[in-house]
Amino acid sequence: MHKLKAKIASLEKYASAHNLLDKAEALFLRHGGPVARLWLKLSGTARAVVINLLIGLGIGLWLFTQTNSDLIRKAEYNGIDWVLNQYRGSAPAHPERAVPFTFIHVDEETYREWGEPIFTPRDKLAALIRYARENGAASIVVDIALDRPTPDDVPLQEELSSFNQPGNRTHLFQIRTFMAPLEGETGLTRLRTSFLDKTFGLDHPYIHPASSLYNLAEDGVVRHWRVWEPVCHVGKDGAAQPVALPSVQLATLAISHDQYAQLKQTLANQLTPGCDQAVELPDQIFRVDSRLAVHLGGDRIKKTILYSIPWQLKPGESRPQIEWNGTPTPLLTKIPARRIIQQPDLKEDLNGQIVIIGTSHAEARDTHMTPFGEMPGAMIIINAIHSILQHGEIQPPGLLGKLLLQSALIVVMSLIFARWRSLAGAVITYVLIVAAMLPLSLWLFKAGMWLDFALPLLAVQLHQVAKSFHERIDRARQMAQIESNNSSNQEKTA
Amino acid sequence: MKTRSLYSLPIAVLLAASQLHAAGVKVGWIDSLQPANTGMDTVRIERDGKNLPYTPANRMLYDGDRIVLTRDNLTLKLVIGEKNVQVTSSQARPDAPYQIKQAGEIPTVQKNLLDWMGDKLKGKSAQRNPVKTISASARNQSSGAHALSIPALAVGNPLIAGGTRDLKLSWQGGTAPYRITIKQKTGQTAADNLGAPAHTFSGIVLQEGTLQLTLEDSQGKRYIETIRVVPAAQRPAMPLPLKEARLDETTRNRLYGEWLQEQGNNWGLEAMQWMGQ
């Protein structure tokens, strides 16, 4: 008897919410008027559905306000990583918007062949840029720091001068680096000056500075891009001025839609005079067409990189092909830099492609953890560009959409529980959730929309736990009552 | 997420569909032919019933291509997919050519799901490597780049008029002896073991384009600057009153140098050439 009472007490501790609900129900029946009378006319199943809806949607609403809590963030990361891994290496969802990439990389073999230089030799870098430009690349992203001068910069300067020539159509994105603020420094992050600035400036029609900064999640995985960087540029004359630097993926998106000038203007409009004040990232939208738009501010989910291009293929895999200039072309072609340097007369049709020149050797220390495992920084850039060209930014459903979906799930779940109680009901609802939500999530993900399946699942699961406690308490109370009656009867008989 | 394994089965069933296959796709390229001095005409590519030569412009390989090596003891290095493949003469005979095939399957959602389930059943984590070796050391260049400087180049985008002429330079900072090098497209000129922070390159040919100047001191400090060499006609012409003034050549040039300095930061180096004459 004492054991049973202790059990009831411990269960009651966890079910105070439901006790409150019981009390609320009693209060409602006493003072609810016509609504209470209507409630009494409802069948048991209908009442269960309504109560479940109230509890489920309440939990759903609460969870919606907790998007930055550890629990929700980790569930979101796990969910997105899992879905991304199902699309790993697959053909683009929108082949008509896909552009082939060529990654020219200083791999381990190239690095050793070149004598393990501290700086990527500028004459060789010039040759790689020339190769991409002469073979018709639409854009070249140089993901190799070009801040500090070296004694052999003439070939690079000469090659970059070719971008001034009439008839040039190739754009070059120079990935820039930044100076971490010193202790006590406030205001804008400082852009590290490049020796190329004085020759080509920051407003060259074909040579553009761009940022490759990404946000690192607390588990060390790169999942989110940054859209643009308001930075402070200190010219050679010592004058500091704020400059808006687009991310490389945003700049590529704008160039590919002939809207780079509009992008620069939109970003410049966000700046405030001087470098002393930090810039508030606005919730303004940069739209390139009716389908593709990017928030300049925006929340975490919108900045998710929809990785789909792995760095290494698994055994037996090959890269997807897209129709490009009438020819099936791999979505990604990787070429070690030494091959291009060894064969200066190398010809390749790169017409309209995006070429990334970067490193993949270990000494470059440019390898980062992603949902697909480790990959070179240049591969993150490739995935970010591909993601933005394909989907713009991810579109999470709004609160109303989520609540409607949750309501539908809870109604169906309640009906199933009314029909099949206990274990059978739990198994059936679980399969239903999995069968309905995950394929829907996968499908919507392909369309660039994120259906946050973790959130409603969690709400439904929490609701089930609460409901189960409630029922166990009821049963325990009834058993205690029966035992108590039995004991008093036995005492009377004795 | 432990619960993920529960999701897999119904999804796999729901998403079962056919695989994509592509035909006539680019699958790789010919990397090199060995021995190194072998003529490219020893390789023949058969594509769509036609014989194509192997040339620098025709190195790409497509699914279904057949390769023939017309001489013995040759090795052709290919890149198929992302793997290196070696083909010898015995594997690519005229009567039995080497067949190029797509390296593998293109992953699909269904295939990835099945692979993931297989990994789960085997207890493998396909995504992350649990143990990884990292280096906790830094690799940096030992010498700073800003300890030395050439004041005439300190501001603006330095320009200098081309042609055969003397190039006078002076600098500050660092420790003697110095070495100064001028690199152009056509070659480089250097002056070594300089005890004083100044040097004149006499009769140097400055060609239009880019010139890179590297100054190094005995401690390994380095200053690097890029200068654009422009046609002499682009240099602001000497003002007429100065040209016609009854002055000796040295004074006229010094005044012209001072005037040039006022024509914008970019002409600082050019101005220095005239002021010092």
Side-chain angles (χ1 to χ4, degrees), chain A residues 75 78-79 81-82 85-91 118-119 148-155 157-158 161 195 198-199 236-237 312-321 327-330 333-334 339 342-343 345-349 362-363 365 369 371-374 430-431 434-435 438-439 442 457, chain B residues 1 3-4 6-7 9-11 14-15 20 22-27 29 31-32 56-60 79 81-82 102-109 112-113 115-116 126-129 132 135 139-141 145 154-158 181 183-185 209-212 214 222 224-226 228 265:
Chain A
N78 282 330
D81 287 0
W82 185 84
N85 271 283
Q86 307 319 309
Y87 281 104
R88 181 191 168 282
S90 62
I118 288 176
F119 290 115
R148 296 171 182 85
T150 73
D152 298 300
D153 291 334
V154 172
Q157 295 263 4
E158 293 291 331
S161 300
F195 72 97
K198 57 184 166 51
T199 315
K236 205 173 175 182
D237 55 359
Q312 302 285 12
L313 294 175
K314 288 179 186 170
E317 283 184 349
S318 68
R319 302 273 177 196
Q321 317 271 333
T327 314
T329 307
T333 304
K334 286 156 55 178
R339 289 215 171 107
Q342 283 164 358
Q343 293 171 291
D345 53 354
L346 197 64
K347 291 279 174 277
E348 172 70 89
D349 181 13
E363 197 74 359
R365 314 263 166 91
M369 184 56 85
F372 291 174
E374 289 196 333
Y430 221 97
V431 171
V434 168
L438 291 188
L442 283 168
L457 266 185
Chain B
M1 272 173 53
T3 45
R4 279 187 200 162
L6 288 169
Y7 305 153
L9 192 63
I11 298 167
L14 280 164
L15 293 176
L20 283 172
V25 295
K26 206 186 284 181
V27 293
W29 63 83
D31 184 45
S32 60
N58 185 34
R59 299 164 51 253
M60 299 312 299
V79 178
E82 288 169 9
Q102 193 166 347
E105 272 181 275
I106 297 163
T108 59
V109 175
N112 286 337
L113 264 170
D115 286 352
W116 174 77
Q127 203 182 97
R128 311 270 164 83
N129 187 356
K132 182 182 178 285
S135 166
R139 192 181 176 201
N140 287 317
Q141 198 180 26
V155 289
N157 304 327
T181 313
K183 275 192 187 173
Q184 299 185 79
K185 221 173 7 179
T210 310
L211 171 158
Q212 189 173 27
T214 305
R222 190 181 274 171
I224 301 169
E225 191 59 83
T226 306
R228 295 294 295 171
N265 291 332

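Throughout, protein chains are lettered first and strands after them, A, B, ... in sequence-line order, and every chain is numbered starting at 1.
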- Task: Before giving the answer on side-chain contact (heavy atoms from CB on, under 4.5 Å), spell out for R339(A) and V79(B) the whole-Å C-alpha distance, their side-chain angles and the decisive distance to 0.1 Å.
- Result: CA-CA 11 Å; R339(A) 289 215 171 107; V79(B) 178; 3.2 Å; yes

### Task
Verify side-chain contact (heavy atoms from CB on, under 4.5 Å) between E317(A) and I106(B), making sure each step is shown before the conclusion.
CA-CA 6 Å; E317(A) 283 184 349; I106(B) 297 163; over 6 Å; no

Work out which heavy atom in [X] is nearest to a heavy atom in [Y]; give both atom names and the distance.
X       : Y       : result
I224(B) : T150(A) : CD1-C, 3.4 Å
V109(B) : Y87(A)  : CG2-CE2, 3.3 Å
V154(A) : L211(B) : CG2-C, 4.3 Å

Mind checking the [atom1]-[atom2] spacing from [X] to [Y]? Nearest 0.5 Å is all I need.
X       : Y       : atom1 : atom2 : result
D152(A) : T214(B) : CG    : OG1   : 7.5 Å
R88(A)  : N112(B) : CZ    : CG    : 6.5 Å
Q86(A)  : T108(B) : CD    : OG1   : 10.5 Å
W82(A)  : L113(B) : CH2   : CG    : 5.0 Å

**Prompt:** Should E105(B) and K314(A) count as an ion pair when the cut-off is N to O under 4.0 Å?
**Reply:** no

Check your understanding: Would a distance-only check, ignoring hydrogens and angles, find a side-chain to backbone donor-acceptor pair under 3.5 Å from K334(A) to E82(B)?
Key -> no

*Judged by atom type as modelled, is there a donor-acceptor pair below 3.5 Å linking the side chain of S318(A) to the main-chain atoms of G104(B)?*
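Yes, because the side chain of S318(A) sits within donor-acceptor range (under 3.5 Å) of the backbone of G104(B).
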
In terms of heavy-atom pairs under 4.5 Å with chain B, the winner among G316(A), S90(A), P151(A), G89(A) is P151(A)

Query raised in the report: Can K198(A) and E225(B) be said to form a side-chain contact (heavy atoms from CB on, under 4.5 Å), step by step?
Result: CA-CA 10 Å; K198(A) 57 184 166 51; E225(B) 191 59 83; 2.5 Å; yes

The interface call for V27(B) against chain A, heavy-atom contacts under 4.5 Å, is neither

* Asked: Which region of Q212(B), side chain (C-beta onward) or backbone (N, CA, C, O), has a non-hydrogen atom less than 4.5 Å from a non-hydrogen atom of chain A, or is it both or neither?
  ->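 Both the backbone and the side chain of Q212(B) come within 4.5 Å of chain A.
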
Can you say whether P330(A) sits under 4.5 Å from chain B via the side chain, the backbone, both, or neither, judging by heavy atoms?
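For P330(A), side-chain heavy atoms alone lie under 4.5 Å from chain B.
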
*asked:* What verdict does the side-chain contact (heavy atoms from CB on, under 4.5 Å) test give for T333(A) and W29(B), after you've listed the backbone C-alpha separation in whole Å, the side-chain angles of each residue and the deciding distance to 0.1 Å?
replied: CA-CA 11 Å; T333(A) 304; W29(B) 63 83; 3.8 Å; yes

